[in-house]
Visitor: 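The structure under discussion is supplied below as structure tokens; questions concerning it will follow.
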2 protein chains.
Amino acid sequence: MRSLIAQTAMDLFAEKGYDDTTVEDVAAAAGISRRTLFNYFRNKEDLALGGLTEQGELIAARLAERPDDESIWASLRSSFGVLQEIDATFERRLEIVSLLFGNDSLRAGHAEKQARWQELLAPLIAPRLPESDHRMLKARAIAATAITCLQAAIEEWVRRRGDADLFDLYDAAIEAVRRTT
Amino acid sequence: MRSLIAQTAMDLFAEKGYDDTTVEDVAAAAGISRRTLFNYFRNKEDLALGGLTEQGELIAARLAERPDDESIWASLRSSFGVLQEIDATFERRLEIVSLLFGNDSLRAGHAEKQARWQELLAPLIAPRLPESDHRMLKARAIAATAITCLQAAIEEWVRRRGDADLFDLYDAAIEAVRRTT
DNA sequence: GCACACTCTTGCACGCAGTGCAAGCGAATG
DNA sequence: CATTCGCTTGCACTGCGTGCAAGAGTGTGC
């Protein structure tokens with residue numbers, strides 16, 4: 001039900017734009033009342049960003065399964081692979097991501113949700129780090145950096161209208177961060 | 001004028017909380033009308049986050065002045081030093097940052113504004129990178145990572161209620177990202 | 001068949017954010 | 001003194017989000 005509504009919402013957003021689509025519109029298109037829609041989604045933003053929370057959980061679940069002896073960076077990269085397995089056509093994916101980057105408040109919400117992934121990933125990373133001061137901070141920094149590089153890669157991917165392999169871009173970003181003097 | 005209003009707003013936010021303070025309240029406390037307040041600030045969020053845009057510009061200005069032969073990471077670290085020079089007492093600083101992290105939409109706006117710093121810093125970083133594919137992407141990734149580590153450090157700093165040196169935390173974060181295998 | 005409880009939906013009224021418009025007000029200029 | 005320009009303000013309106021209470025539909029026990 002939630003996903004049905006979200007689906008309809010995304011269609012409308014893609015068609016008319018986020019700002020020019022009212023919650024009323026979405027509710028009508030989904031055949032429910034405005035009030036009921038707010039029973040399923042906390043706010044309008046959630047209609048567009050709800051999927052991100054779920055994605056974060058998928059990534060965390062995948063990360064938890066990676067072997068302990070694998071390098072952290074390799075584990076993270078591999079965990080992000082979940083995103084490629086999501087069921088959506090190429091065009092749809094491009095459409096969605098463009099939508100998220102095309103609106104100020106959505107971009108903000110998007111950034112925040114991804115920042116929250118940090119909270120899910122860091123506890124899985126910390127145990128793998130050597131004993132030292134600030135271990136949790138370090139784990140958070142690593143998670144945040146990986147996510148940030150992923151985000152930069154996605155942004156570049158959109159900029160090129162999908163004409164590049166996302167993970168090539170991600171690798172380039174990580175390489176720059178870790179190897180540049 | 002802008003800063004006077006922002007000042008009053010921050011006082012109220014700190015006293016009653018962001019959500020429990022209406023724009024009306026702020027306008028009244030500043031001795032202007034609600035409508036006029038919106039002439040100075042695009043929205044309520046800007047009352048709390050307006051300073052961040054300016055900070056980003058300060059950092060970029062500082063970065064532009066750093067010598068070319070300095071390592072990028074050293075230049076970035078040094079540029080962030082501007083933040084320490086901002087005129088505010090220790091308590092005030094803690095109060096402000098706590099406010100920003102204590103509210104969902106403010107956290108989102110905060111994350112977004114800092115992400116925008118990326119756009120300012122990346123063009124200054126790119127020319128310093130060796131020729132290669134995806135140079136701009138790499139510059140953005142480096143900027144984003146530095147900012148992200150700064151943010152993680154600030155978060156940790158708040159968590160400890162200011163009982164740590166911000167740059168020690170920042171260094172720990174960067175070291176973890178760049179040295180961890 | 002009937003009463004009861006439970007859940008899901010809905011309409012209504014409300015508060016607050018943000019905007020367009022047009023009127024007002026004061027200061028500087030000619 | 002009249003005009004103009006910029007800044008302020010009130011007003012009305014749209015849209016988001018919420019609390020509340022009234023249905024509507026379904027299952028349970030008697």
Side-chain angles (χ1 to χ4, degrees), chain A residues 1-53 96 99-113 116, chain B residues 1-53 96 99-113 116:
Chain A
M1 185 63 182
R2 247 187 84 92
S3 61
L4 174 75
I5 301 174
Q7 189 72 23
T8 352
M10 291 307 285
D11 289 344
L12 283 183
F13 291 159
E15 183 193 343
K16 305 199 301 178
Y18 180 75
D19 286 331
D20 292 340
T21 306
T22 68
V23 175
E24 186 83 43
D25 292 339
V26 177
I32 58 177
S33 75
R34 200 174 75 97
R35 196 61 188 78
T36 302
L37 190 150
F38 279 117
N39 288 344
Y40 287 93
F41 295 85
R42 232 170 314 158
N43 49 41
K44 183 179 178 182
E45 218 180 73
D46 250 32
L47 284 168
L49 301 180
L52 287 178
T53 306
I96 291 175
L99 179 67
L100 299 191
F101 282 98
N103 174 276
D104 274 3
S105 79
L106 281 187
R107 252 209 323 280
H110 183 217
E112 226 280 311
K113 291 260 185 192
R116 290 308 200 90
Chain B
M1 186 62 183
R2 247 187 83 92
S3 60
L4 174 74
I5 302 174
Q7 191 71 24
T8 341
M10 290 306 285
D11 288 344
L12 284 182
F13 291 159
E15 183 193 342
K16 305 198 302 177
Y18 181 74
D19 286 331
D20 292 341
T21 306
T22 69
V23 174
E24 186 83 45
D25 293 339
V26 177
I32 59 176
S33 75
R34 199 174 75 96
R35 196 63 188 77
T36 302
L37 190 149
F38 279 116
N39 289 343
Y40 286 93
F41 294 86
R42 234 170 314 158
N43 49 42
K44 184 179 179 183
E45 218 180 72
D46 250 31
L47 285 168
L49 301 180
L52 287 178
T53 306
I96 292 176
L99 179 67
L100 299 192
F101 282 99
N103 175 277
D104 274 2
S105 78
L106 281 187
R107 250 207 326 279
H110 183 218
E112 227 279 312
K113 291 259 185 193
R116 290 307 201 89

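Below, chain A is the first sequence line, B the second, and so on; all start at residue 1.
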Visitor: Who are the salt bridge (charged side-chain N to carboxylate O under 4.0 Å, His left out) partners of Arg116(B), not counting sequence neighbours?
Guide: Asp104(A), Glu112(B)

Visitor: If the sugar-phosphate is the primed atoms plus P, OP1 and OP2 and the base is the rest, what is the B/S/- string for nucleotides 18-25 of chain D, using protein heavy atoms under 4.0 Å?
Guide: BBB-----

Visitor: Mind checking what makes side-chain hydrogen bond (donor to acceptor under 3.5 Å, both in side chains) contact with Asn43(B), not counting sequence neighbours?
Guide: none

Visitor: Please state how far atom CG in Leu37(B) lies from atom C1' in dT19(C), giving the value in whole angstrom units.
Guide: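 Rounded to whole Å, this separation is 14 Å.
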
Visitor: Please work out which residues in residues 19-29 of chain A have a non-hydrogen atom less than 4.0 Å from an atom of DNA chain C and list them by number.
Guide: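 Listed by number, there are none.
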
Visitor: Name all residues meeting the salt bridge (charged side-chain N to carboxylate O under 4.0 Å, His left out) criterion together with Arg42(B); count only those two or more places apart in sequence or in a different chain, and write none if there are none.
Guide: Asp46(B)

Visitor: Is there any protein nitrogen or oxygen under 3.5 Å from a nitrogen or oxygen in nucleotides 4-8 of chain D, and what are the pairs?
Guide:
residue: dT8(D); atom: OP1; partner: Tyr40(B); partner atom: OH; Å: 3.0
residue: dT8(D); atom: OP2; partner: Tyr40(B); partner atom: OH; Å: 3.2

Visitor: Could you list all the salt bridge (charged side-chain N to carboxylate O under 4.0 Å, His left out) pairs where at least one residue sits in residues 16-31 of chain A, not counting sequence neighbours?
Guide: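 The answer is Lys16(A)-Asp25(A).
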
Visitor: Please report the distance, rounded to the nearest Å, between CG in Asp46(A) and P in dC16(D).
Guide: 14 Å

Visitor: Of the non-hydrogen atoms in His110(A) and Leu49(A), which two are nearest, and what is the gap between them?
Guide: N-CD1, 3.7 Å

Visitor: Keeping to residues at least two apart or across chains, list the ring-ring contact (aromatic ring centres under 6.0 Å, His included) pairs with something in residues 19-39 of chain B.
Guide: none

Visitor: Side chains of residues 2-9 of chain B: which donor-acceptor partners sit under 3.5 Å, not counting sequence neighbours?
Guide:
residue: Arg2(B); atom: NH1; partner: Tyr40(B); partner atom: O; Å: 2.6
residue: Thr8(B); atom: OG1; partner: Leu4(B); partner atom: O; Å: 2.6
residue: Thr8(B); atom: OG1; partner: Ile5(B); partner atom: O; Å: 3.3

Visitor: Who pairs with Tyr18(A) by ring pair (Phe, Tyr, Trp, His ring centres under 6.0 Å), at least two apart in sequence or on another chain?
Guide: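 Phe13(A).
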
Visitor: For Thr21(B), enumerate each residue passing the side-chain hydrogen bond (donor to acceptor under 3.5 Å, both in side chains) test, keeping only those at least two apart in sequence or located in another chain.
Guide: none

Visitor: Output every pair passing salt bridge (charged side-chain N to carboxylate O under 4.0 Å, His left out) with a member in residues 3-14 of chain A, not counting sequence neighbours, ordered by first then second residue.
Guide: Asp11(A)-Arg92(A)

